[in-house]
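Reading through the structure tokens given below for one structure.
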Amino acid sequence: MKTYDIYFSDENSSDNKGFHLKTMEKAIHMAEDMLEKGNAYTEDYAGGVISVVDSDGETVWSHPIP
């Protein structure tokens, strides 16, 4: 069973939340909420990218961080 996590990256580094979310839709919704509301990761990675990555390492959704 695949799980999904949220990654943040820029040209210097990357981090992930360590989630094991069971649905892609929930992971994408959480990532969109983080973009909308902001958090420490979106501030640290401004100008980078937020992504949802499945447990196989495939990026299933991504969006630039303003």
Side-chain angles (χ1 to χ4, degrees):
M1 174 184 207
K2 285 188 183 184
T3 58
Y4 300 87
D5 196 4
I6 299 173
Y7 282 74
F8 299 84
S9 61
D10 62 18
E11 53 191 46
N12 298 316
S13 62
S14 68
D15 281 305
N16 65 304
K17 296 295 285 180
F19 295 143
H20 297 282
L21 301 167
K22 294 182 180 181
T23 69
M24 179 175 56
E25 293 79 13
K26 181 172 183 163
I28 291 170
H29 179 72
M30 288 181 73
E32 289 172 336
D33 279 351
M34 290 177 189
L35 277 174
E36 183 180 321
K37 296 175 184 173
N39 67 18
Y41 283 105
T42 56
E43 291 173 16
D44 290 347
Y45 288 95
V49 176
I50 184 172
S51 304
V52 173
V53 178
D54 70 20
S55 52
D56 293 332
E58 182 180 339
T59 301
V60 296
W61 177 91
S62 66
H63 195 280
I65 302 170

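Source: prediction; values computed, not measured.
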Q. Do Tyr4 and Lys26 have side chains that get closer than 4.5 Å, going by heavy atoms?
A.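 Counting from C-beta outward, Tyr4 and Lys26 never come under 4.5 Å.
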**Q.** Test item: Tyr7 and Ser62 side chains (from C-beta on) under 4.5 Å apart, heavy atoms
**A.** no
From [X] [atom1] over to [Y] [atom2], what is the distance, rounded to the nearest 0.5 angstrom?
X     : Y     : atom1 : atom2 : result
Ile6  : Asn16 : CD1   : CG    : 10.0 Å
His29 : Glu36 : NE2   : CD    : 9.0 Å
Asp33 : Thr42 : CG    : OG1   : 11.5 Å

Show the nearest heavy-atom pair for residues [X] and [Y], with the distance to one decimal.
X     : Y     : value
Tyr45 : Ser14 : OH-C, 3.5 Å
Val52 : Ala27 : CG1-CB, 3.6 Å
Met34 : Ile50 : CB-CD1, 4.3 Å

Q. Partners of Tyr41 by ring pair (Phe, Tyr, Trp, His ring centres under 6.0 Å), sequence neighbours excluded?
A.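 Checked Tyr41 against ring pair (Phe, Tyr, Trp, His ring centres under 6.0 Å); matches are Phe8.
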**Q.** Identified side chain to side chain contact (heavy atoms under 4.5 Å, CB included) counterpart of Ile65 within the set Asp44, Val49, Leu35
**A.**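 Among Asp44, Val49, Leu35, the one that satisfies the side chain to side chain contact (heavy atoms under 4.5 Å, CB included) with Ile65 is Leu35.
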Q. Is the backbone N or O of Val53 less than 3.5 Å from a side-chain atom of Asp5, with the two atoms forming a donor-acceptor pair by type?
A.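 Such a contact is absent between Asp5 side chain and Val53 backbone.
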Q: Step by step, work out the side chain to side chain contact (heavy atoms under 4.5 Å, CB included) result for Asp56 and Lys2.
A: CA-CA 7 Å; Asp56 293 332; Lys2 285 188 183 184; 3.0 Å; yes
